[in-house]
Colleague: 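Sharing a structure with you now.
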Amino acid sequence: MKLFHTADWHLGKLVQGVYMTEDQAAVLDHFIEAIEREKPDAVIIAGDLYDRAIPPTEAVELLNKTLERIVLELEVPVLAIAGNHDSPDRIDFAVKLMERNQLYMSGQLRFPIEPVVMQDADGEVHFYLIPYADPSIVRYLLGQDDIRSHQEAMEAIVQHIVEHWDPNARHVLVGHAFVTAYGEASENTSDAERPLSIGGAEYVSAQLLEAFDYVALGHLHQAHHVGLEHVRYSGSPLKYSISEEKHNKGYLIVELGKTNISIEKAALPARRDMRRVVGTMDEIERHERNDDYVYVTLTDENPVLFPMEKIRAVYPNAMHVERVAHRHANAIEGEERASVVMKQELKPLELFRAFYEEVRGVELSADKEKLFASAYEQLVKESGE
């Protein structure tokens, strides 16, 4: 059975004040083209279809259009769950009606957990759709007062599934959780990922999921396996933060045989890249015009007036600009440059000097510097700061 595994679409996402809907529509067009070309037996969407519980209208329309094309036009079943960004009630709407067209959506966790059953030449494949659920919800549903963490909640869910499953079938779990190799604490793969819990209670051990033939996960935005080769995050289809600059975005193609499995990463081309640009203003103004979403780090020693206006003459979709001292420029050239940028606080006299030179075209004289300094000092005293 051939499966396409994707997750974390975050439709309606706003990045630095920019709605990503057009970029999301473009990447989903590429995804649909791949579905039409490869003809998978099912598409899995492992949560966070939307970026927030009440998404904008255009995000709802995009999801409706995308699912209509996949399910109705291409006649490929879709299995989707709610993530921590989604509204469970919104995802759960009219699910029984949609199942008639092989659109299986699970927003609310319910017990007993009934699998979605599909079949190929090798027999049945049972899909267990486990939407994001806070441990308190699992505790309430099962009446087990000792469930306090996501690990304990997943233990109870897996135990329930295994106790009732058909040993002759193959089993796929679709979940939205923070899974690590042994339940150890780990950093998020992106600044855009919202914590599931505070205080170390959000991590789930991949060892709990070993018995499944495949585990399709959502939540973390970088594609990777978690300790076990068959426990996988597909990652998000687009970059949603500069911390994702080095991610290779796409989806997973899973071939689930009777006793074996193969997993391949397939790339999705983005309408625009998201990356960091580092240099002085003079250097950046000499760059060729480019439409990427860029985060600019200026290394000028002196303040630059109206930097965003100048940068957008070259990079019209620039999202953010910041300045670092030249001595820190080398530190941001490496793999960790996005996380080590050091902002330098600009002093009022430096700003006034740069402004004066920009407007008058000549350097600020020593007498005028003293005059500004005296006036500024008096202003500070009068304001009481």
Colleague: With the 4.5 Å side-chain cut-off for hydrophobic clustering, are Ile157 and Val226 part of the same group?
Modeller: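 Yes.
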Colleague: Taking CD in Glu36 as the centre, count heavy atoms belonging to other residues, nucleotides or ligands within less than 6.0 Å. Is the count above 12?
Modeller: no
Colleague: Checking side-chain polar atoms at under 3.5 Å, does His219 have a donor or acceptor matched by the opposite partner on Tyr132?
Modeller: no
Colleague: With a 4.5 Å limit on heavy-atom distance, are the side chains of Met1 and Ile261 in contact?
Modeller: no
Colleague: Please report the closest heavy-atom contact between Ala181 and Ser205, naming both atoms and the distance.
Modeller: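 In this case the closest contact between Ala181 and Ser205 is O-OG, 3.6 Å.
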Colleague: Side chains of Asp145 and Ile147, heavy atoms from C-beta outward: is any pair under 4.5 Å?
Modeller: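 Heavy-atom side-chain distance check fails, nothing below 4.5 Å.
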Colleague: Checking Asp291 against Tyr315: is there a side-chain donor and acceptor pair closer than 3.5 Å?
Modeller: no
Colleague: Quick check on the 6.0 Å ring-centre criterion: do Tyr214 and His230 meet it?
Modeller: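 Not under 6.0 Å, so no.
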Colleague: Below 6.0 angstrom between ring centroids: does that apply to His10 and His221?
Modeller: yes
Colleague: May I ask you to check whether over 12 heavy atoms, not counting those of Glu22, lie within 6.0 Å of atom CD?
Modeller: no
Colleague: Considering non-hydrogen atoms only, spot the tightest contact between Tyr240 and Ala192 and give its length.
Modeller: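 Closest approach of Tyr240 to Ala192: O-CB, 3.9 Å.
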Colleague: Using the ring of each side chain (for Trp, its six-membered ring), is Phe111 parallel, tilted or perpendicular to His160, with breaks at 30° and 60°?
Modeller: perpendicular
Colleague: Can you confirm whether Thr57 sits close enough to Glu61 that some side-chain heavy atom of one is under 4.5 Å from a side-chain heavy atom of the other?
Modeller: yes
Colleague: Determine whether the side chains of Glu244 and Ser190 contain a donor N or O and an acceptor N or O closer than 3.5 Å.
Modeller: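 Yes.
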Colleague: Would you call Leu256 and Asp213 a side-chain contact if the rule is heavy atoms closer than 4.5 Å?
Modeller: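 Sidechains of Asp213 and Leu256: in contact.
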Colleague: If we count only N and O atoms by modelled type, under 3.5 Å, do the side chains of Glu152 and His150 hold a donor and an acceptor together?
Modeller: no
Colleague: Hydrophobic clusters here meaning ILVMFWY residues chained together by side-chain heavy-atom distances under 4.5 Å, can you tell me if Leu268 and Ile35 are in one?
Modeller: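 In one cluster with Leu268: Ile35, yes.
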Colleague: Is there side-chain contact between Arg312 and Met308, with at least one heavy-atom pair below 4.5 Å?
Modeller: yes
Colleague: Of all heavy-atom pairs between His247 and Lys239, which one has the smallest distance, and what is that distance?
Modeller: O-CE, 3.6 Å
Colleague: In Å and rounded to the nearest 0.5 Å, what is the CG to CG distance from Leu28 to Leu62?
Modeller: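 The CG atom of Leu28 sits 5.5 Å away from the CG atom of Leu62.
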Colleague: Would you say Asp86's side chain and Gly83's backbone share a donor-acceptor pair under 3.5 angstrom?
Modeller: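 Present.
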Colleague: Counting C-beta onward and ignoring hydrogens, is there a side-chain heavy-atom pair between Trp165 and Tyr128 closer than 4.5 Å?
Modeller: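 With C-beta onward as the side chain, the pair touches.
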Colleague: Could you check whether any side-chain heavy atom of Pro131 comes within less than 4.5 Å of a side-chain heavy atom of His176, counting everything from C-beta outward?
Modeller: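 Contact flag for Pro131/His176 side chains = no.
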Colleague: Is it true that the side chains of Gln159 and Glu163 contain a donor and an acceptor less than 3.5 Å apart?
Modeller: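 Present: a donor and an acceptor within the cut-off.
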Colleague: Just checking, any donor-acceptor pair under 3.5 angstrom between side chains of Ser87 and Asp89?
Modeller: no
Colleague: Just wondering, do Glu245 and Arg276 contact through their side chains at under 4.5 Å, heavy atoms?
Modeller: yes
Colleague: Going from CG on Asp8 to CD on Gln222, what distance comes out if it is rounded to the nearest 0.5 angstrom?
Modeller: 12.5 Å
Colleague: Check whether more than 12 heavy atoms from other residues, nucleotides or ligands sit under 6.0 Å from atom CG of Asn248, and answer yes or no.
Modeller: no
